[in-house]
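Note that the structure is a prediction, hence the values are computed from the model and not measured. Numbers restart at 1 for each chain; the letters A, B, ... are given by sequence-line order, proteins then strands.
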2 protein chains.
Amino acid sequence: MQSQRLPTLEDVARVAGVSRATVSRVVNGIRNVDPQLHQQVWAAVDQTGYVPNRMARSLVTRRTGTVALVVSDSETHDDDPFMGRFFSDPYFGRVVGGLMSVLRPLGVQLALQMVGADGHKRLVGDLRNGQADGAVVLSLPARDPLPGLLADAGIPAVLIGRPAEPVPISYVDLDNEAGAALAADRLATRGCRRPVMISGPPDVPASVDRISGFRRAMARHGHAWIPQETGNFTQDSGEQSMRALLAAHPRLDAVFVANDLMALGALLVLHDAGRRVPEDVAVVGFDDSSAALSARPALTTVRHPLEDMAAEAARMLLSRLDDPDERVTSVIYEPTLVERQTA
Amino acid sequence: MQSQRLPTLEDVARVAGVSRATVSRVVNGIRNVDPQLHQQVWAAVDQTGYVPNRMARSLVTRRTGTVALVVSDSETHDDDPFMGRFFSDPYFGRVVGGLMSVLRPLGVQLALQMVGADGHKRLVGDLRNGQADGAVVLSLPARDPLPGLLADAGIPAVLIGRPAEPVPISYVDLDNEAGAALAADRLATRGCRRPVMISGPPDVPASVDRISGFRRAMARHGHAWIPQETGNFTQDSGEQSMRALLAAHPRLDAVFVANDLMALGALLVLHDAGRRVPEDVAVVGFDDSSAALSARPALTTVRHPLEDMAAEAARMLLSRLDDPDERVTSVIYEPTLVERQTA
DNA sequence: ACACGATGGGAAAACGCTCTCCAAGCGTGT
DNA sequence: ACACGCTTGGAGAGCGTTTTCCCATCGTGT
């Protein structure tokens, strides 16, 4: 029965015995309408089962009631079917959950947008033409041109994670330096003698900050020299890095790993190498993703309140939509250490 | 500069020196247009930077170019901020990835829709009014009224996972019985003597099938009696179930766990209890989620090709949108066993 | 030459809504 | 009693497309 015409404003107006304009006013709760009519109109709405047509409304208001979650990975090509399997990373789900928690109560839609190396221009075009009112951008690669393009196009947007290059767009981020320092302090407090670290890619801001934060804090504890291997945030790279570190520095007794997934890999390698965690080697991860809990032993890690951050990003975007001239701002979250068994 | 009016069909027409109708025809690649004009029009499009206005188009075509991914969890209330943290389950990401792989190349948007216990009616209303052309439904709880409502409303939809009650809607599913049988065969082949199982909730179809599939296959191997604990697919419930099983049947030597997350929990408990896996106890999970790989030892599990299934669901939905009278169909995927270290 | 089917392009009517005018109705202050 | 302001509701003009007619124009077969 879907083909039967859906009731329109016109229909409701006829039933209620008023004009379209009045119905529109009532439905949108605008202006003082005589309580009597108000009543009649709602009755007519119920009776007809009327639901406003989104497109028609958007066409005139120039608002879609949709925001896009843009996952930008300009290092992946558009024809990679699963976009580098990013989706199975718990990261993605946490962001979606956080966004939803503020969007859904407000009746705002969330539209998913992937964009690889090629799609930037098209994305911007689509966004300008009513795909969405604004975008929350998850920028994976280091130097992503997307934020710049969005800013130029004047598309309301909020980034999750500080952009690599300064750009006039608001963002939420974590104080990665402080997080890494937390890890360093923990490790130092346990009395480690030979700390090492497994870092993320050297060109993404979060990664850079974690490195410098860890080094700086360790320096304060008297550790001037921290051997380091570079991974790419996958479990596999964590394993490789740990193996390399173990080979080069057999007597290491503490390792800071720049995210939980890599930490998981490191734990595996450590176990295989017969090192006891945390007795022989202490390990601290980063993110407090679901992976941390399933680790064996349970991973001590730096909590990254991604859900909250995503929720805040949504709020910032919404408020910018209300007032486009709002100042560009940033909100930085403070990480905390969650102590489990590995350190 | 976003406030400046975007170019419309009208503008392009003026530049190209033709009528709106012609531009529309060219842009949509419809009918034979004189190659000469065709050329002019595209030039004008480039020059003006024209992008069709989605809303205006949808308004007349009655097509949105959007499909909704509806996550239905009628057991969660609408005010639960994170909808039971479902999003951090790798399950969700895999589905999104699969859907995207077919939707994105076609330029079809994916809109996320959560719906708890209260929102069914509203969702159906929204869907009918151009939120989306159709829906892919991920139905979490056992007896979800949503599929029925969608069918009644005549909204094109495809389910991921067989519905608990028969409903005239197409779906994709996994042959869960066969998957469980695979696990049973594996365990039996290794020569286990006292197999047990940790199942999912007894009212969701996938769970029921895994239980019966496992029992039936084990029966064929001569194991008439399989102790069982019931979990709810979370790691935590896996731990509890494993503990209970261990207490009640200390000599168990094989366990089939109805999903990887619970298997992870089981592995932890087994380890703490000093049982060696797989020497003392063999373990087989289900799903082949990312968790399986990070398990220690790496989890032998039944592969659930969720990405492929989601992709197929997207294709089915798309084809139904093209031809609404298409027959209701189902596609059942065959699971495979991926052998790693736990069995 | 003439009629006749293609074929290509334009005018204009929707699509369902919002919102700006206006006109009426009413109360109030002088 | 009159003018004036304020509230309330209606008419109607868009918003940017698609698509249905319909009119030229052109080539073709007799």
Answer yes or no: does a side-chain N or O of [X] lie under 4.0 Å from OP1 or OP2 of [N]?
X: T22(B); N: dG9(C); answer: no
X: N28(B); N: dT18(D); answer: yes
X: S19(B); N: dG10(C); answer: yes

- When you look at V328(B) and R320(B), which way does the side-chain contact (heavy atoms from CB on, under 4.5 Å) test go after all the steps? CA-CA 9 Å; V328(B) 170; R320(B) 162 160 305 264; 4.2 Å; yes

For [X] and [N], give me the distance from atom [atom1] to atom [atom2], rounded to whole Å.
X: Q40(A); N: dG9(D); atom1: CD; atom2: C1'; value: 12 Å
X: R63(A); N: dC19(C); atom1: CZ; atom2: C1'; value: 16 Å
X: R57(B); N: dT19(D); atom1: CZ; atom2: P; value: 9 Å
X: R128(A); N: dG16(D); atom1: CZ; atom2: C1'; value: 16 Å
X: H38(A); N: dG9(D); atom1: NE2; atom2: C1'; value: 14 Å
X: R54(A); N: dC15(D); atom1: CZ; atom2: C1'; value: 17 Å

- Message: Here's a test of your reading of the structure: between A21(B) and L59(B), which maps to the more 5' nucleotide of DNA chain D?
- Response: L59(B)

Given [options], the nucleotide with the shortest approach to the side chain of [X]:
X: L9(A); options: dT18(D), dT18(C), dG12(D); value: dT18(C)
X: L37(A); options: dG9(C), dG16(C), dG9(D); value: dG9(D)
X: D34(A); options: dG10(C), dC17(C), dT8(D); value: dT8(D)
X: V60(A); options: dA11(D), dC15(D), dG9(D); value: dC15(D)

- Does T48(B) use its side chain to pair, donor to acceptor, with the backbone of A44(B) at less than 3.5 Å? yes

- Message: Treating R54(A) as the side-chain partner and G65(A) as the backbone partner, does any N or O pair qualify as donor plus acceptor under 3.5 Å?
- Response: yes

- Query: With a non-hydrogen cut-off below 4.0 angstrom, is R20(A) in contact with a base, only sugar-phosphate, or nothing?
  - Reply: base

- Pick base, sugar-phosphate or nothing for S24(B), based on heavy-atom distances below 4.0 Å to the nucleic acid. base

- Message: Looking at R62(A) and dG16(D), is any side-chain donor or acceptor paired with a base atom of the opposite kind under 3.5 Å?
- Response: no

- So does R25(A) reach the base of dG10(D) with its side chain, donor to acceptor, closer than 3.5 Å? yes

- Please name the pair of heavy atoms, one in Y171(B) and one in P163(B), separated by the smallest distance, quoted to 0.1 Å. CD2-CD, 3.8 Å

- Query: Does any donor atom in the side chain of E326(A) or S319(A) lie under 3.5 Å from an acceptor atom in the other side chain?
  - Reply: yes

- Using the closest heavy atom to pick a nucleotide of DNA chain C for each, name whichever of N129(B) or V18(B) lands nearer the 5' end. V18(B)

